[in-house]
Amino acid sequence: MDFEKLNESVERLIQNLEFIQSLEEEGIPMSDDHKDMVLRNIDTITNVANDDYKAGLLFDIR
């Protein structure tokens with residue numbers, strides 16, 4: 001497993017989730033584009049992670 005790539009991908013996911021959270025705090029709901037962005041981040045993460053990690057991430061997002 002490429003931990004450096006995994007860490008970078010997780011950091012991007014966290015940044016995107018924080019951005020979405022800040023929009024929601026301003027009254028702007030999560031759009032389909034935002035959901036797609038998060039799912040793309042998860043796809044990148046899961047390409048370098050094992051299936052248990054992927055399952056946990058998908059469960060948390062949904």
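Each residue takes its place number in the sequence, starting with 1. Side chains included, hydrogens not; waters and symmetry mates left out as well; all remaining heavy atoms used.
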Q21: partners by side chain to side chain contact (heavy atoms under 4.5 Å, CB included), with sequence neighbours left out:
E25
By side-chain hydrogen bond (donor to acceptor under 3.5 Å, both in side chains) - contacts of R12 (at least two apart):
S9
N16 meets the side chain to side chain contact (heavy atoms under 4.5 Å, CB included) criterion, sequence neighbours left out, with M37, N41
For residues 26-39, which residue pairs pass the side chain to side chain donor-acceptor pair (under 3.5 Å) check, not counting sequence neighbours?
S31-H34
